[in-house]
Amino acid sequence: MVPLFARSAGGLDAVAPSLPDVGPTPIPTPFPRPAPSSTPVVRRSTPRAARPSTRRLLPAHPPLFDWLERRFAPGEATLWVGASSALEPLLELLYAGSALAGGRLSLIEGANRFHPYRIAEAGRGVGTDPEAVLDRIRLARAFTAYQLVALVDGWAKEVRRVPASLLIGHDLPTLFDNAEELPAEERTPLLRHVAATLQELLRTSRRPLLLTLPHGLAGFPGLADCGPRLFDMVRVEASDRALELTAFRDGARLTLVTRGPHQVGLEAFAPAEPKEVIAPWGAPRRPTARRSRSG
């Protein structure tokens, strides 16, 4: 397995520290009741689904997850823009990091590219149970543009029924590019409808939303003007041995590079820890089955 480094503007950080220890859960103590008042005070409570969670979406370590955590905000959308070959390995690491933090994902798969074995391997790479990663993803898969519209229309009801810490729409516009199944004149109105529905979804649920868009805003008509409020956009570019991430909100940059077979990481100079986490990227994938032999 090839370890991973994160190189930012401030220097080079190893993306392989130990997992944080989980401390005891504090038990709330009862507070004394206030003295009765002659004038009743009426407080309007926010609906349960609309209360933003203060729990982290991703763990603080490795540093890659902390960098990605700062790109999300409750009730707003974050865009990942880049080629699918660069976005999908990063997305699989996000699935693993969310499970490591105890989160749950609600995913609408628009490109029919969900790879359970690769996602499980990403979970194993960051030190969590591979099955737990898959168990914490609630997947809705569409095969036509009309099916995807129906899934997005029912997303708010689904989130109320099964709460999720992060909503993900993977390459939603792809199904609208099939001219044989969808007339060209219907593409833009349907995508604008999807964008407006996403805006209402985030307004009521107050959950962060991640949209992966290989073609950027130009490939999703209506998202910029009638879609949800955009919190940040991260451009992901891949080269032979590196993955470059650029956040448009603050201009922060992060480079993920593969480590050579005999290269020493920064964690070698740190005090010994009980566990080590290695986040692989760009390494050959392990075989998932044995080849059969005839005879």
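- The backbone N or O of S205 lies less than 3.5 Å from a partner atom in the side chain of R207, making a donor-acceptor pair.
- Side-chain atoms of E69 come within 3.5 Å of backbone atoms of L57 as a donor-acceptor pair (strictly under, hydrogens ignored).
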Begin from the C-alpha positions of L167 and L198 and carry the test side chain to side chain contact (heavy atoms under 4.5 Å, CB included) through to its verdict. CA-CA 10 Å; L167 313 179; L198 292 177; over 6 Å; no

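- For the pair C226/Q199, no side-chain contact is recorded, criterion being any heavy-atom separation below 4.5 Å from C-beta on.
- A 4.5 Å side-chain heavy-atom check between L175 and N112 finds every atom pair outside the cut-off.
- By the salt bridge (Lys or Arg N to Asp or Glu O under 4.0 Å) test, E158 pairs with R138, R161, sequence neighbours left out.
- Closest non-hydrogen pair, P228 versus L209, comes out as CG-CD2, 4.4 Å.
- Residues G219 and P173 come closest through the heavy atom pair O-CB, 3.3 Å.
- Annotation for T174 and G110: closest pair CB-O, 4.0 Å, computed over non-hydrogen atoms.
- Taking a cutoff of 4.0 Å between a charged side-chain nitrogen and a carboxylate oxygen, R118 and E121 do not qualify as a salt bridge.
- Residues T188 and F176 fail the side-chain proximity criterion, which asks for heavy atoms closer than 4.5 Å.
- The minimum heavy-atom distance linking R253 with T246 is given by the pair NE-OG1, 3.7 Å.
- The neighbour count for E186 CD, taken as heavy atoms of other residues, nucleotides or ligands under 6.0 Å away, is above 12.
- Judged by distance alone, the side chain of S98 and the main-chain N or O of Y95 form no donor-acceptor pair under 3.5 Å.
- Atoms CZ and CG, on R70 and D232 in that order, are 10.5 Å from each other to the nearest 0.5 Å.
- Hydrophobic clustering (side-chain heavy atoms under 4.5 Å, transitive across Ile, Leu, Val, Met, Phe, Trp, Tyr) keeps F143 apart from L148.
- Between the CZ atom in R141 and the CD atom in Q147 there is a gap of 11.5 Å [rounded to 0.5 Å].
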Run the side chain to side chain contact (heavy atoms under 4.5 Å, CB included) test on Y146 and L151 for me, step by step, so that the C-alpha distance in whole Å, both residues' side-chain angles and the decisive distance to 0.1 Å come before the verdict. CA-CA 9 Å; Y146 301 110; L151 289 177; over 6 Å; no

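- Taking the side chain as every heavy atom from C-beta outward, L91 and L210 approach each other to under 4.5 Å.
- Of all heavy-atom pairs spanning P59 and G97, the tightest one is CD-O, 3.0 Å.
- Residues R192 and D225 are paired through a salt bridge, judged by an N-O separation under 4.0 Å between the basic side chain and the carboxylate.
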Carefully, step by step, assess R124 and D129 under the rule salt bridge (Lys or Arg N to Asp or Glu O under 4.0 Å). CA-CA 6 Å; R124 185 180 293 108; D129 182 12; over 6 Å; no

Should L172 and I108 be marked as a side chain to side chain contact (heavy atoms under 4.5 Å, CB included) after you check the CA-CA gap, both sets of side-chain angles, and the distance that decides it? CA-CA 8 Å; L172 301 184; I108 291 185; 3.8 Å; yes

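- Taking CG from N178 and CZ from R187, the interatomic distance works out to 11.5 Å, rounded to the nearest 0.5 Å.
- Taking CD1 of I137 as the start and CD1 of I168 as the end, the distance is 7.5 Å to the nearest 0.5 Å.
- Salt-bridge check for E76 with R229: passed, with a basic side-chain N closer than 4.0 Å to an acidic carboxylate O.
- Contact annotation: the side chain of M233 approaches that of V81 to within less than 4.5 Å [non-hydrogen atoms, C-beta and beyond].
- For the residue pair T255 / E244, a side-chain donor-acceptor distance below 3.5 Å is found, with atom types taken as modelled.
- In this structure, L64 CG and L90 CG are separated by 6.5 Å, a value rounded to the nearest 0.5 Å.
- No side-chain donor-acceptor contact under 3.5 Å links T212 to the backbone of W80.
- Under the 4.0 Å criterion applied to side-chain N and carboxylate O atoms, R71 and D250 are assigned as salt-bridge partners.
- Taking all atoms of both residues into account, the shortest heavy-atom contact from G75 to L202 is O-CB, 3.6 Å.
- In this structure, F220 CZ and D171 CG are separated by 10.5 Å, a value rounded to the nearest 0.5 Å.
- Taking the centre and axis of the six-membered ring of F231, the NZ or CZ atom of R249 falls inside the cone set by 45° and 6.0 Å.
- When the shell of 6.0 Å around NE2 of H115 is examined, it contains more than 12 heavy atoms from other residues, nucleotides or ligands.
- Between W155 and T197 the shortest side-chain heavy-atom distance does not fall below 4.5 Å.
- The closest donor-acceptor contact from the side chain of E109 to the backbone of A111 lies under 3.5 Å.
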Show your working on side chain to side chain contact (heavy atoms under 4.5 Å, CB included) between H193 and V149 and close with a plain yes or no. CA-CA 8 Å; H193 170 79; V149 171; 3.7 Å; yes

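- Side-chain atoms of S165 come within 3.5 Å of backbone atoms of R104 as a donor-acceptor pair (strictly under, hydrogens ignored).
- Ion pairing between D66 and R56 holds under the 4.0 Å rule for side-chain N and carboxylate O.
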